[in-house]
Amino acid sequence: MKFLLMLRNKGVSDKVLAAMEKVPRDMFVEGHFKTHALDDMALPIDAGQTISQPSVVAKMTEALDIGPRHKVLEIGTGSGYQAAILSHLARRVYSQERHRVLSIKARARIEALKLQNVVITTADGSLGMPDQAPFDRIILTAAAEDPPANLLEQLRMGGIMVLPVGQSNAVQSLIKVEKTPEGLNYTELAEVRFVPLVAGVAKTDGV
Ligand code: SAH
């Protein structure tokens, strides 16, 4: 079944579905994988990375609870698919990717879709973007062992961060972290599998 219909049947909110409907997923994969673009599965992209499964994208987007005035930071641009969805919900989206080949292609797709509120940079996202902080929402699409301290610091008070945590070769937990004056609140959302968050900008595009 095509994933949008499946997500509708599963009760994904109209707001998130409307954003996802505006983003043609087949633009974000290449070659033979285009035939699977409407299936609810992760697919390979360049540099040994993956575009996430649509149901996981929906779950993370829903958990972020984005408002139209929000400034959002994404770590792990990958294909640019998640960033394109975020752009329909937020005021501005900053997305960081450590593989230059991926950021270049993602930027071209975002331009082709005429999305003007997305800024993609090639950088080590575990450091975040201190010059643009604070962010209302932060999403990591690569798994860290713990929420990175730099990113928690760059999250606005009252803000939400959604990320997978755990070892790269094990089942990971998708968690939501809320920053409140009383401290951080953690909610576990699902079991997931993501590629690991890797420190530093990639030197070659195979690594
Ligand atoms: N959100 C993507 C899926 C990304 S897969 C999409 O919609 O297609 C995770 C991505 O995180 C990979 O492209 C990987 O290169 C990137 N990544 C891993 N560690 C990183 C880091 N420290 N900084 C920036 N990007 C990172």
Side-chain angles (χ1 to χ4, degrees), residues 23 25-34 36-37 41-53 56-57 60 71-87 92-113 115-135 137-155 161-175 177 192-207:
V23 182
R25 191 169 182 250
D26 61 345
M27 265 185 68
F28 292 81
V29 290
E30 293 177 14
H32 151 79
F33 297 114
K34 282 192 189 286
H36 290 292
M41 57 198 284
L43 294 169
I45 56 174
D46 285 334
Q49 307 301 316
T50 52
I51 178 173
S52 309
Q53 190 178 349
V56 174
V57 172
M60 294 177 87
K71 182 159 78 167
V72 181
L73 175 64
E74 178 191 26
I75 312 304
T77 312
S79 67
Y81 180 66
Q82 173 79 69
I85 292 166
L86 296 172
S87 90
R92 191 167 266 287
V93 178
Y94 292 90
S95 184
Q96 297 181 296
E97 170 56 54
R98 65 185 289 278
H99 284 286
R100 190 173 306 278
V101 65
L102 291 176
S103 20
I104 289 170
K105 285 190 180 179
R107 209 176 282 131
R109 291 169 180 141
I110 295 287
E111 264 174 37
L113 288 171
L115 303 174
Q116 291 176 341
N117 60 344
V118 182
V119 178
I120 295 173
T121 49
T122 306
D124 179 359
S126 52
L127 306 175
M129 290 184 96
D131 50 333
Q132 297 297 340
F135 295 95
R137 301 291 187 257
I138 299 180
I139 173 173
L140 283 87
T141 62
E145 295 208 5
D146 292 298
N150 290 314
L151 298 181
L152 284 173
E153 222 166 86
Q154 292 171 35
L155 184 62
M161 181 186 299
V162 174
L163 76 160
V165 288
Q167 306 277 346
S168 60
N169 53 356
V171 175
Q172 304 145 0
S173 294
L174 184 64
I175 63 166
V177 184
V192 286
R193 267 200 105 116
F194 275 84
V195 297
L197 188 72
V198 178
V201 172
K203 289 201 181 59
T204 69
D205 280 310
V207 184

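Counting begins at 1 with the first residue of the sequence. The basis for the numbers below is simple: all heavy atoms, side chains too, and nothing from hydrogens, waters or symmetry mates.
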Testing the basics here: between [X] and [Y], what is the closest heavy-atom pair and its distance to 0.1 Å?
{"X": "L113", "Y": "F28", "answer": "CD1-CZ, 3.6 Å"}
{"X": "P147", "Y": "V177", "answer": "CG-CG2, 4.3 Å"}
{"X": "S173", "Y": "V192", "answer": "C-CG2, 4.1 Å"}
{"X": "A123", "Y": "Q96", "answer": "CB-NE2, 3.7 Å"}
{"X": "L174", "Y": "P164", "answer": "CD1-N, 4.0 Å"}
{"X": "S126", "Y": "N150", "answer": "O-ND2, 3.3 Å"}

Is there a side-chain contact (heavy atoms from CB on, under 4.5 Å) between L43 and R25 once you walk through the steps? CA-CA 11 Å; L43 294 169; R25 191 169 182 250; 3.9 Å; yes
Derivation of the side-chain contact (heavy atoms from CB on, under 4.5 Å) call for L151 and M161: CA-CA 9 Å; L151 298 181; M161 181 186 299; 3.7 Å; yes
Working to the nearest 0.5 angstrom, can you tell me the gap between [X] [atom1] and [Y] [atom2]?
{"X": "I45", "Y": "Y81", "atom1": "CD1", "atom2": "OH", "result": "13.0 Å"}
{"X": "L73", "Y": "R92", "atom1": "CG", "atom2": "CZ", "result": "13.0 Å"}
{"X": "M27", "Y": "S79", "atom1": "CE", "atom2": "OG", "result": "10.0 Å"}
{"X": "Y94", "Y": "I138", "atom1": "OH", "atom2": "CD1", "result": "13.0 Å"}
{"X": "M129", "Y": "K71", "atom1": "CE", "atom2": "NZ", "result": "9.0 Å"}
{"X": "T121", "Y": "R100", "atom1": "OG1", "atom2": "CZ", "result": "10.5 Å"}

Donor-acceptor under 3.5 Å (E97 side chain, G76 main chain):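 No; judged by distance alone, with no hydrogens or angles, the pair does not exist.
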Is the backbone N or O of V29 less than 3.5 Å from a side-chain atom of K34, with the two atoms forming a donor-acceptor pair by type?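 Checking the backbone N and O of V29 against the side chain of K34, a donor-acceptor pair under 3.5 Å is found.
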With side-chain contact (heavy atoms from CB on, under 4.5 Å) as the criterion, how do L163 and I175 come out once you've worked through the C-alpha distance, each side chain's angles and the decisive distance to 0.1 Å? CA-CA 6 Å; L163 76 160; I175 63 166; 3.6 Å; yes
Student check: side-chain heavy atoms of [X] and [Y] closer than 4.5 Å:
{"X": "Q167", "Y": "Q172", "value": "no"}
{"X": "I75", "Y": "I139", "value": "no"}
{"X": "L197", "Y": "L140", "value": "yes"}

If the threshold is 4.0 Å, N to carboxylate O, is there a salt bridge linking E30 and R109?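 Salt bridge flag = yes for R109 with E30.
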Would S103 and T122 count as having a side-chain donor-acceptor pair, cut-off 3.5 Å?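 Yes, T122 and S103 have a side-chain donor paired with an acceptor closer than 3.5 Å.
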Any side-chain donor paired with an acceptor under 3.5 Å for S95 and E74?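 The criterion, which ignores hydrogens and geometry beyond distance, is satisfied for E74 and S95.
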Quick one: side-chain contact (heavy atoms from CB on, under 4.5 Å) partners of S52, sequence neighbours excluded?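 side-chain contact (heavy atoms from CB on, under 4.5 Å) check on S52 returns V57, F194.
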Could you go through R98 and D124, starting from their C-alpha distance and side-chain angles, then the distance that decides it, and tell me whether this counts as side-chain contact (heavy atoms from CB on, under 4.5 Å)? CA-CA 5 Å; R98 65 185 289 278; D124 179 359; 5.7 Å; no
